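Remarks on the structure that follows.
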4 protein chains.
Amino acid sequence: MPGHAPEPLGVAVIGAGYWGPNLVRNFQGSASFRLRWLCDLDVARARKVLGGYSTVEATDDYARVLADPDVAAVAIATPAATHKPLALAALEAGKHVLIEKPLAATYADGKILVEQAERRGLTLMCDHTYCYTPAVTKIRELIHEGALGELHFFDSVRINLGLVQRDVDVLWDLAPHDLSILDSVLPEGVQPEAVAAHGADPIGAGRACVAYLTLRLTGGAIAHVHVNWLSPTKVRTTMIGGSKRTLVWDDLNPAQRVAVFDRGVDLAGAAEIGAEARREMQVSYRSGDMTAPALVEREALGAMVEEYATAIRTGRRPLTDGRAGLRVLDVLEAASRSLEFQGAVVGLKGWETAK
Amino acid sequence: MPGHAPEPLGVAVIGAGYWGPNLVRNFQGSASFRLRWLCDLDVARARKVLGGYSTVEATDDYARVLADPDVAAVAIATPAATHKPLALAALEAGKHVLIEKPLAATYADGKILVEQAERRGLTLMCDHTYCYTPAVTKIRELIHEGALGELHFFDSVRINLGLVQRDVDVLWDLAPHDLSILDSVLPEGVQPEAVAAHGADPIGAGRACVAYLTLRLTGGAIAHVHVNWLSPTKVRTTMIGGSKRTLVWDDLNPAQRVAVFDRGVDLAGAAEIGAEARREMQVSYRSGDMTAPALVEREALGAMVEEYATAIRTGRRPLTDGRAGLRVLDVLEAASRSLEFQGAVVGLKGWETAK
Amino acid sequence: MPGHAPEPLGVAVIGAGYWGPNLVRNFQGSASFRLRWLCDLDVARARKVLGGYSTVEATDDYARVLADPDVAAVAIATPAATHKPLALAALEAGKHVLIEKPLAATYADGKILVEQAERRGLTLMCDHTYCYTPAVTKIRELIHEGALGELHFFDSVRINLGLVQRDVDVLWDLAPHDLSILDSVLPEGVQPEAVAAHGADPIGAGRACVAYLTLRLTGGAIAHVHVNWLSPTKVRTTMIGGSKRTLVWDDLNPAQRVAVFDRGVDLAGAAEIGAEARREMQVSYRSGDMTAPALVEREALGAMVEEYATAIRTGRRPLTDGRAGLRVLDVLEAASRSLEFQGAVVGLKGWETAK
Amino acid sequence: MPGHAPEPLGVAVIGAGYWGPNLVRNFQGSASFRLRWLCDLDVARARKVLGGYSTVEATDDYARVLADPDVAAVAIATPAATHKPLALAALEAGKHVLIEKPLAATYADGKILVEQAERRGLTLMCDHTYCYTPAVTKIRELIHEGALGELHFFDSVRINLGLVQRDVDVLWDLAPHDLSILDSVLPEGVQPEAVAAHGADPIGAGRACVAYLTLRLTGGAIAHVHVNWLSPTKVRTTMIGGSKRTLVWDDLNPAQRVAVFDRGVDLAGAAEIGAEARREMQVSYRSGDMTAPALVEREALGAMVEEYATAIRTGRRPLTDGRAGLRVLDVLEAASRSLEFQGAVVGLKGWETAK
């Protein structure tokens, strides 16, 4: 029957804390899903999130949710430590699983989830929301079509007066955003190879509140991430430099989120000359126009929810699948080790989690 | 005779390249100096800098300048490799010496200059121009009067489409600014102890074009400097976080260069409890006003020139004396070593160059 | 019973177009109200606004809504031409009435509503949403406590690529925001006395798409409003100058919405000297700090909804009562007459609608 | 002799006040001129401007300057009231004349100067400096090549904490900039036809400190200028809307002075339908990219000085000739009359001063 819309997929949101309500709102707004449950250990909190006008059921009984044959998919927005058992139970019950970042508390846990999902042919997706913003979508497009040329550097700053978390440091709290964005926009064949991390806990919180990550990428490019809970101002800026153009994404400038600069440095004849000669190089500068491409207005979370639906229905991998979540965990774990060892460079597993 | 202005000090500028013309203009604009010579190997260039209406003499004969008894002081703005011989000759001729940053090409060279100047009782000053801006003057004041509380972090970004230099990498080209600012504002008893540096040369220039420095400071604070020649946009922003307040200096925002935020994170009773208890801490957030203090309008270079005059006349150390230049060289050399060793942490000499 | 929360007030939203959904969301989020109906001539549209999970009833039968004894209050968000009949019917049915701006299509219509509501002792409120923003609340506070001194000028710019409306020009579409803000912050005893308006319809839309209003205020101050549907960039900036301080409200700068400048011009002894002498005046300039006061985070519409509840329960006038709506209509009508007569100055009724 | 540079033109600067030093600096920096005199009633002030290292002569004897056969041209930067007599004397002495804006204190005075210069075949030029900025040059180019389409609106804001002048109001002080820019960029066949001005003197300075000008342009477009001495923040923004594109020039944003937006409102079939039908129009919106064209870096005053040289040497009219100065005076006088009559619309002479 052409044009016939498929039945909406029954879905349950697990966790009514910070992120859960956003998932509830977006599943309710999607024609692809029918939200059936909001599940939280604290059922009163779940009820409060649903509000006084909702027909959705609140529960604290996860088993009941998993037993509901009308539930095809779950979305887990609970603390990271609980991701593995909750997701595993869902996969074992034959449900598709979406997990708030990070995929799991450890790489090893995440790997078990990826393997389970692949074995059972279920969708496992990580809610790397930023990857679904119009800005990152445009950036990925620009990089993949070669508009920036060869990648030179990636520099991301994500700082603000943030909630000092009890269970994770600033690295695990904020850097997953930057690392998932990096993962999502890197061109074919370029990946992080090693990471060094420096951090500080100047307020005595017991965990790093300021951290700097440096990643060595294939081919000599460099990536750097600055995350900070102590900044009184909010900055969310990513600069991606290439051999042809460089772009700046300022997520707090809605009038001009992405700016592409036709400015840069060229080495004349750098290709055909030797390294020695290059040192005596002829450098020239391009100082061209800047273009801020028009972006479609769209809520990232809504697009993520639709990607989840499409992945479930078609069986294809979602943009931010479990493996993407695993690649992010790989960097986070290596960065944590580097932090412990005062910034020592730590290699990545990389290849194991190839796209 | 009270109120009688002293005779202006005879001065010669050495080097008519990039920076020399600025020194020429500022010495000419100062009542404390009488500019007598502009000296450059390329005397035509020196003449061009002076222009067609000047009574100042151009020369390529440094010996003649040093032999002029009316010259009490020189200002050296030549490539770093020539700083040592030129400055040494001047000191030996009994002249006071001002040197464009960096003080010298190496710490060892710089040390020789400092020792010579001290032995002879001559003023040796490093032209760390930024330290004389109204912004840095205000920041130093705020930190020293305790307005920020205990120092938590210092984060400086200095990036733009910069001239790829033939003789130095981006670290030696740009970081001296940030390091001299850091040196000039640090409170008593706080100093860098070690540095790690990461860099990249993605364009194949033969030297780092992007670099990140992380400095460990006394007492657990962290400093970080990002310098980059490949950025299509210019950023000059320094954030200095403290236990009471945090300030942001945006040098490209003339309407609001320095902003002091009464926002931050407090740990309740953090002082009197143990580390274990702290992990179960009560965190609270201040979300107060922001104040942008009025700054006097003043050209930094003019203020630097007056500081040079005062130091010469009174014999007191200038704000950015040779030792300040040496402390900056110490960090630069350590950072270069760290770059060579892939970001290994390198300790500083620190104590040798105590203020 | 102390501490016992009162029963929520039954409320119905009339109009499911552009603004209605915002009212629906805010009434649902308020403990002071119980949303009973969403009424629209197009009941399918009303159903769509409520979504697939709501227990609220959709209807196209306004009479049924007014007949519902559980409905104590209505909120009207329909085209301006329908405000009078819909509001009048509601008042006659004994319901409290909230109306989206403007209060009515004409001053005469608005006056009838105000009179009806006053006669019946019912709350009549105009949804001048901006007056409930944290920014305007702070501005009103600053002006009323004298922080700005005597009012000198008020300059408001509200421009963006706006929907060219079929039924109203840019003046009636956008200026109600600026005029209601002006009305809400003016100090006691200062009011607009006359208005001149200039406009243009360069795209041939049949109504002004660009307009400038100049208002003469009591005591020689001036107010100016720039509204424009054709600007490719969005600007929402209001500057309010006073004898002591001047503030700038930039509604698109969430990090610093309100900035209070201790900068200005002083005339020495201006008070005690004659006009002639003043021309030979001694002018001095203050160039002090700028302070950006911390603002509470709060959705304006939520605060407006609570003000509606409080006004209903206590019988006191709401901040933006019908008379405020009438004062705005007075200026809009005079401005329209001025537009017709090429910018002729038109006096206001002012006094009739005294606060 | 091809390539032989012509002899530099002897020039004298008259007036060593606020603007004179800038002219001195730029004439000294130009190979086209040889600065011979700086003339001021206060010869000590002239000497101070020249500084202690100059070979240029200072004088208070204007007759001596005019009698100097080596002086081919003068540049007058004195109070407006003196422009006519000083310029007339120079023209009568056969000198070319450049005058700081405004051309003269009155339209009648200016006209005399224009007639004299034309009769004698001498260059008369008005120093409308902004017209020589890279930004205005680019804007003129974009408008003249049709990139904006038909002109819809011109909106210029020039506000800051300005010096309250003794002899002129804010209109005559600041608006000449905006009006000369408008004059310089208007496409062929479009000119101001009438002006209305509103002002206020809230500080009791004896003259308007805040003013708003509205100009009706040929074909239904509108221009508006906001000038204000009382604003604590500096704004220098001009928006120029057209049927195809709209540009925003923010002179205080060096990183992006000119932005061209491919965004706007289109009326479908507006051309071929009647006015009545248009009211039922189909409106559509373009929401395309923004481009910030690269601008050459150049000091406007230097370019103005070269234009003066070229006009003198070739006999062609300079870009901002006396007639341009006259057109600006026409609007200023009409605006002053409008201010007196509370904003009444005042027609312009326009045609008399056709380009």
Side-chain angles (χ1 to χ4, degrees), chain A residues 150-153 155 157 159 161-164 166 194 196 198-207 209-210 212 214 216 219-222 224 226 228-233 239 241 243 245-248 259 261-267 270 275 278-281 283 285 287 290 342-345, chain B residues 150-153 155 157 159 161-164 166 194 196 198-207 209-210 212 214 216 219-222 224 226 228-233 239 241 243 245-246 248 259 261-267 270 275-276 278-281 283 285 287 290 342-345:
Chain A
E150 204 184 318
L151 188 74
H152 282 170
F153 64 91
D155 183 275
V157 178
I159 67 180
L161 201 58
L163 217 58
V164 172
R166 268 162 197 279
H198 299 271
D201 169 22
I203 65 168
R207 63 196 61 89
C209 297
V210 181
Y212 300 95
T214 312
R216 211 171 55 212
I222 190 169
H224 188 268
H226 173 199
N228 188 326
W229 279 334
L230 307 178
S231 165
T233 57
M239 183 179 291
S243 56
R245 289 191 192 78
T246 292
L247 72 78
V248 179
F261 293 85
D262 193 11
R263 287 183 207 148
V265 177
D266 292 318
L267 295 191
R278 242 180 256 171
R279 262 164 224 133
E280 293 301 311
M281 78 248 172
V283 176
Y285 297 86
S287 169
M290 179 274 264
Q342 314 293 333
V345 176
Chain B
E150 204 185 317
L151 188 73
H152 282 171
F153 64 92
D155 182 275
V157 179
I159 66 179
L161 202 59
L163 218 56
V164 172
R166 269 163 195 279
H198 300 270
D201 170 23
I203 66 168
R207 62 197 62 86
C209 296
V210 181
Y212 299 95
T214 311
R216 210 172 54 213
I222 190 168
H224 188 267
H226 173 200
N228 189 326
W229 278 335
L230 307 178
S231 165
T233 56
M239 184 179 292
S243 56
R245 289 191 192 78
T246 293
V248 179
F261 293 85
D262 193 11
R263 287 184 208 147
V265 178
D266 293 318
L267 295 190
E276 199 49 49
R278 243 181 255 170
R279 263 164 224 134
E280 295 300 311
M281 78 250 171
V283 177
Y285 297 86
S287 170
M290 180 274 265
Q342 313 293 333
V345 176

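Sequence lines set the chain letters: A, B, ... in the order given, protein chains first and strands last, and positions in each chain run from 1. These figures come from a predicted structure and were not determined experimentally.
Looking at B:Leu163, both its backbone and its side chain come within 4.5 Å of chain A, counting heavy atoms on both sides. With a 4.5 Å cut-off on non-hydrogen atoms, A:Asn228 touches chain B through its side chain but not through its backbone. Interface remark: A:Leu161 contributes side-chain atoms only to the contact with chain B (heavy atom separation under 4.5 Å). Contact of A:Ser231 with chain B is made through backbone and side chain together, with heavy-atom distances under 4.5 Å. Proximity to chain B is limited to the side chain of A:Thr214, based on heavy atoms less than 4.5 angstrom apart.
Ranked by non-hydrogen atom pairs under 4.5 Å with chain B, the options A:Ser287, A:Ala200, A:Pro232 are led by A:Pro232. Chain A forms more heavy-atom pairs under 4.5 Å with one residue of B:Pro202, B:Gly241, B:Gly343, B:Gly264 than with any other, namely B:Pro202. When the candidates B:Met239, B:Arg216, B:His224 are compared by the number of heavy-atom contacts under 4.5 Å with chain A, B:His224 comes out ahead. When the candidates B:Met290, B:His198, B:Glu150 are compared by the number of heavy-atom contacts under 4.5 Å with chain A, B:His198 comes out ahead. Among B:Val210, B:Val248, B:Thr233, the residue with the largest count of heavy-atom pairs under 4.5 Å with chain A is B:Thr233.
The NE2 atom of A:His152 sits 9.0 Å away from atom CG of B:Asp201, with the distance rounded to the nearest 0.5 Å.
For the pair B:Val345 and A:Gln342, the tightest heavy-atom approach, listed with the atom from each and the gap, is CG2-O, 3.2 Å.
In this structure, B:Trp229 and A:Val265 have side chains that are not in contact, with every pair of non-hydrogen atoms separated by 4.5 Å or more.
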